[in-house]
Number of protein chains: 2
Amino acid sequence: MAGDGTIGKACDVLDQVAAFQRPVRFAELLESSRFPKATLYRFLQSLTNQGMLSYDPDRQTYAPGLRLVRLAHAAWTQSSLAPIARPFLDTLSGETGETVHLAQLDSGQVLYVDKRNAAQPVEMYSQAGKVGPAYCTGVGKAMMAFLDEAELNKVISQQSFHRFTEKTLASEAALRSDLELIRSRGYALDDEEHETGIICVACPIRTPGGRMLGAVSVTGSTERMNFDQLEAWIPRVRRVAEQIAAEAQAWRFPETRPDGQKDRIQAT
Amino acid sequence: MAGDGTIGKACDVLDQVAAFQRPVRFAELLESSRFPKATLYRFLQSLTNQGMLSYDPDRQTYAPGLRLVRLAHAAWTQSSLAPIARPFLDTLSGETGETVHLAQLDSGQVLYVDKRNAAQPVEMYSQAGKVGPAYCTGVGKAMMAFLDEAELNKVISQQSFHRFTEKTLASEAALRSDLELIRSRGYALDDEEHETGIICVACPIRTPGGRMLGAVSVTGSTERMNFDQLEAWIPRVRRVAEQIAAEAQAWRFPETRPDGQKDRIQAT
DNA sequence: CATTTTAGTTCCATATACTGGAACTTAGTT
DNA sequence: AACTAAGTTCCAGTATATGGAACTAAAATG
């Protein structure tokens with residue numbers, strides 16, 4: 001992180017507030033902040049004035065502000081794969097009857113941008129916008145496996161390798177070897193690596209030119225199914241990933257550049 | 001706008017990019033920007049590095065970035081009424097069988113933070129995060145009617161008074177007189193003021209202490225119903241608004257302050 | 001009730017880092 | 001090949017962010 005002057009610092013503060021997952025007091029922020037008191041204070045003031053944070057005068061707490069919701073709507077519409085992928089996710093969810101996720105990479109984390117839950121009606125933001133670890137989820141590994149060396153190194157450096165379950169791949173070496181496998185067979189498995197009882201298959205969404213855009217997954221529970229059943233869906237998942245990629249290519253990345261020219265660093 | 005130094009300016013740029021509703025080129029932004037070329041350029045660079053914007057190197061276009069989606073998830077969870085209101089909206093939608101909206105004010109605009117569409121399954125971000133005009137929607141007028149004088153003046157100054165239909169209240173005077181009526185009877189009507197064929201009833205969500213938090217509405221179409229039918233729902237809508245207010249009070253605004261002490265200006 | 005402690009806010013001289021005109025590079029066009 | 005437009009970099013000047021310290025308000029304590 002760091003860098004990018006005032007803007008970068010302001011974004012850090014936003015992230016910090018968001019990370020608390022609850023309204024947070026000035027003192028708490030100050031503690032976990034690299035900024036001195038007066039500086040942090042002024043940042044909070046400005047961000048609050050701008051609606052990027054909201055301030056509760058009763059409890060004297062800060063929380064991410066509604067202006068972010070407004071901006072995110074535009075972001076979701078324009079720079080996520082969700083609008084493009086929607087019909088394909090509907091199909092996949094209908095066919096499998098299982099939970100379907102669409103994810104993209106953001107700051108080395110898995111950002112879920114859409115979801116279909118076959119059983120109950122769709123939960124809104126509660127799922128879109130949610131983040132998860134990349135190194136121990138199907139979608140995360142599917143995406144990482146198809147990054148180029150430089151990007152992958154950066155993303156790996158951002159992983160915490162926390163051991164969520166006894167099956168979690170909690171080291172870089174274990175992860176890299178699994179990524180190798182994923183790269184060769186074209187899809188990723190999550191064998192209760194993040195949550196006990198939850199297994200999933202995921203395919204990367206890649207442009208014909210090789211650009212990695214995101215991933216789709218179908219999730220099941222060990223109570224109702226095993227990997228043999230889940231792996232049977234792989235051709236369909238792959239097909240959906242290809243369809244999304246084709247649409248994305250047409251809508252957003254019209255002229256591919258198979259050569260690796262200087263690209264400005266995207267949000268990674 | 002203006003003010004708030006670099007942070008305010010950066011937010012302006014974000015809004016500007018979002019306003020285009022499509023990926024936008026540097027030159028287009030420059031045209032509609034109050035910043036000189038080099039300055040705008042540096043802002044775009046920093047925001048892109050931070051993931052607040054995404055940059056498509058092929059088309060050389062900027063769009064709101066995925067980091068906003070991540071941040072908005074936290075905002076929606078923590079500072080919107082949506083999580084609190086969810087069960088009540090479900091009930092209301094079930095009872096009425098009509099479309100139900102939950103909205104809050106942001107920068108003088110109506111920000112829809114949740115929605116129930118009785119017919120088809122919930123659409124995700126496509127609706128949450130969407131904004132609309134305040135002066136010609138039921139929820140907008142319901143909220144404005146219960147602002148204090150200072151806030152109301154500010155919000156009114158932010159209205160465009162564009163005439164969407166021949167029934168639109170396209171002047172401050174007309175609006176103020178309707179707000180008077182709304183204040184006295186406790187609910188707002190939208191009689192095809194925003195969209196022909198669309199009518200709605202809306203109630204404000206207010207704490208016992210009088211703080212205006214948002215609004216709930218039930219929307220119908222003139223094809224299937226008239227105001228007599230719609231107004232029959234008002235007691236239920238009001239009840240739901242009260243329930244949400246009570247919950248919000250308990251969760252987020254525990255000690256009310258009926259006195260009007262200095263409040264830091266919230267996102268308005 | 002007086003006192004201490006903690007939390008939050010304001011001040012101001014300093015220096016950092018933002019500014020923007022202009023020059024430059026690159027890509028597309030005639 | 002010359003021209004035009006779009007995008008990028010440079011750099012001196014200065015506006016603006018910075019943060020130590022002083023201040024105020026509100027709890028906690030004796």
Side-chain angles (χ1 to χ4, degrees), chain A residues 1-14 16-17 20 22-50 52-63 254-257 259-266, chain B residues 1-14 16-17 20 22-50 52-63 254-257 259-266:
Chain A
M1 268 295 110
D4 287 312
T6 307
I7 289 179
K9 293 172 196 169
C11 291
D12 276 7
V13 173
L14 281 178
Q16 212 187 114
V17 174
F20 272 86
R22 60 175 172 79
V24 62
R25 296 188 65 121
F26 178 73
E28 300 180 275
L29 285 169
L30 182 58
E31 218 171 349
S32 65
S33 171
R34 59 195 180 90
F35 302 111
K37 195 154 63 156
T39 303
L40 179 64
Y41 182 75
R42 246 177 300 100
F43 272 127
L44 293 173
Q45 291 255 97
S46 297
L47 288 169
T48 302
N49 280 334
Q50 292 296 321
M52 303 296 276
L53 294 178
S54 71
Y55 178 73
D56 178 343
D58 292 329
R59 317 191 106 176
Q60 298 188 116
T61 55
Y62 297 88
E255 302 95 26
T256 324
R257 298 198 323 194
D259 56 304
Q261 274 170 44
K262 42 113 203 228
D263 272 17
R264 190 175 322 184
I265 290 92
Q266 290 260 45
Chain B
M1 268 294 107
D4 287 313
T6 307
I7 289 180
K9 293 173 197 168
C11 290
D12 277 7
V13 173
L14 281 178
Q16 212 188 114
V17 173
F20 272 86
R22 59 175 173 80
V24 61
R25 297 191 62 127
F26 177 74
E28 300 180 274
L29 284 168
L30 183 58
E31 218 170 349
S32 65
S33 171
R34 59 195 180 87
F35 303 111
K37 194 154 64 157
T39 304
L40 179 64
Y41 182 74
R42 245 177 301 100
F43 273 127
L44 293 173
Q45 291 256 95
S46 296
L47 289 168
T48 302
N49 279 334
Q50 292 295 322
M52 303 297 275
L53 294 177
S54 71
Y55 178 73
D56 178 343
D58 292 329
R59 315 191 107 176
Q60 299 188 115
T61 55
Y62 296 89
E255 304 94 25
T256 324
R257 298 195 325 190
D259 57 303
Q261 275 170 43
K262 43 114 205 231
D263 274 18
R264 191 176 319 187
I265 289 91
Q266 290 259 44

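Note that these values count all heavy atoms, side chains included, but never hydrogens, waters or copies made by symmetry. By convention in this document, chain letters (A, B, ...) are assigned in the order of the sequence lines, proteins followed by strands, and residues within each chain are numbered from 1.
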Practice item. Could I get the full list of ring pair (Phe, Tyr, Trp, His ring centres under 6.0 Å) partners for Phe26(B), not counting sequence neighbours? Key: Tyr41(B)
Practice item. Tell me whether the OP1 or OP2 atom of dG8(C) has a side-chain N or O from Tyr41(A) closer than 4.0 Å. Key: no
**Study point:** Distance, rounded to the nearest Å, where Arg25(B) contributes CZ and dA5(D) contributes C1'
**Key:** 10 Å
Review point. Does the dG20(C) base have a donor-acceptor partner in the side chain of Arg42(B) within less than 3.5 Å?
Key: yes
Check your understanding: How long is the gap from CD on Gln16(A) to CZ on Phe43(A), to the nearest 0.5 Å?
Key -> 11.0 Å
Check your understanding: Can you check the Phe35(B) CZ to dA15(D) P distance for me, whole Å?
Key -> 17 Å
Check your understanding: Which of the following nucleotides, dT19(C), dT8(D), dG20(D), is nearest to the side chain of Thr39(B)?
Key -> dT19(C)
Point to revise | Nearest atoms (heavy-atom pairs only) where Leu14(A) meets Met52(B) | key: CD1-CE, 4.2 Å
Practice item. Measure from the side chain of Ala38(A), starting at C-beta and using heavy atoms only, and say which of dG20(D), dA7(C), dT19(C) lies closest. Key: dG20(D)
Review point. Arg34(B) versus Lys9(B): any side-chain heavy-atom pair under 4.5 Å?
Key: yes
Study note, to complete from the structure: Testing dG20(C), dA17(D), dG7(D) for proximity to the side chain of Pro36(B), the answer is dG20(C)
Point to revise | Spacing of CG belonging to Leu44(A) relative to OH belonging to Tyr62(A), to within rounding of 0.5 Å | key: 5.0 Å
Study note, to complete from the structure: Which of dT19(C), dG8(C), dG7(D) is nearest the side chain of Ala27(A)? It is dG8(C)
Point to revise | Separation between CG of Asp12(B) and CD1 of Ile7(B), rounded to the nearest 0.5 Å | key: 12.5 Å
**Study point:** Nucleotide dA17(D), atom C1' - distance to NZ of Lys9(B) in whole Å
**Key:** 11 Å
Exercise for review: Ignoring hydrogens and angles, answer whether the base of dG8(C) and the side-chain atoms of Lys37(A) contain a donor-acceptor pair closer than 3.5 Å.
Suggested key: yes
Review point. Can you tell me how far P of dA17(C) sits from CD1 of Ile7(B), to the nearest Å?
Key: 14 Å
Exercise for review: Look up atom CG in Leu53(B) and atom CD in Gln45(B), then write down how far apart they are to the nearest 0.5 Å.
Suggested key: 11.0 Å
Point to revise | For atom OH of Tyr62(B) and atom P of dA6(D), their distance in whole Å | key: 15 Å
Review point. The side chain of Thr6(B) lies closest to which of these nucleotides: dG7(D), dA17(D), dT9(C)?
Key: dA17(D)
Exercise for review: Grab the CZ-C1' distance between Phe26(A) and dT6(C) for me, whole Å please.
Suggested key: 13 Å
Practice item. Using five base pairs at each end, measure the axis-to-axis angle across the helix from dC1(C)-dG30(D) to dT30(C)-dA1(D) and round it to 10 degrees. Key: 40°
Practice item. Report the distance from atom CG of Asp4(A) to atom P of dA17(D), rounded to the nearest whole Å. Key: 16 Å
Exercise for review: Find the distance Gln45(A):CD to dT10(C):P and express it as a whole number of Å.
Suggested key: 7 Å
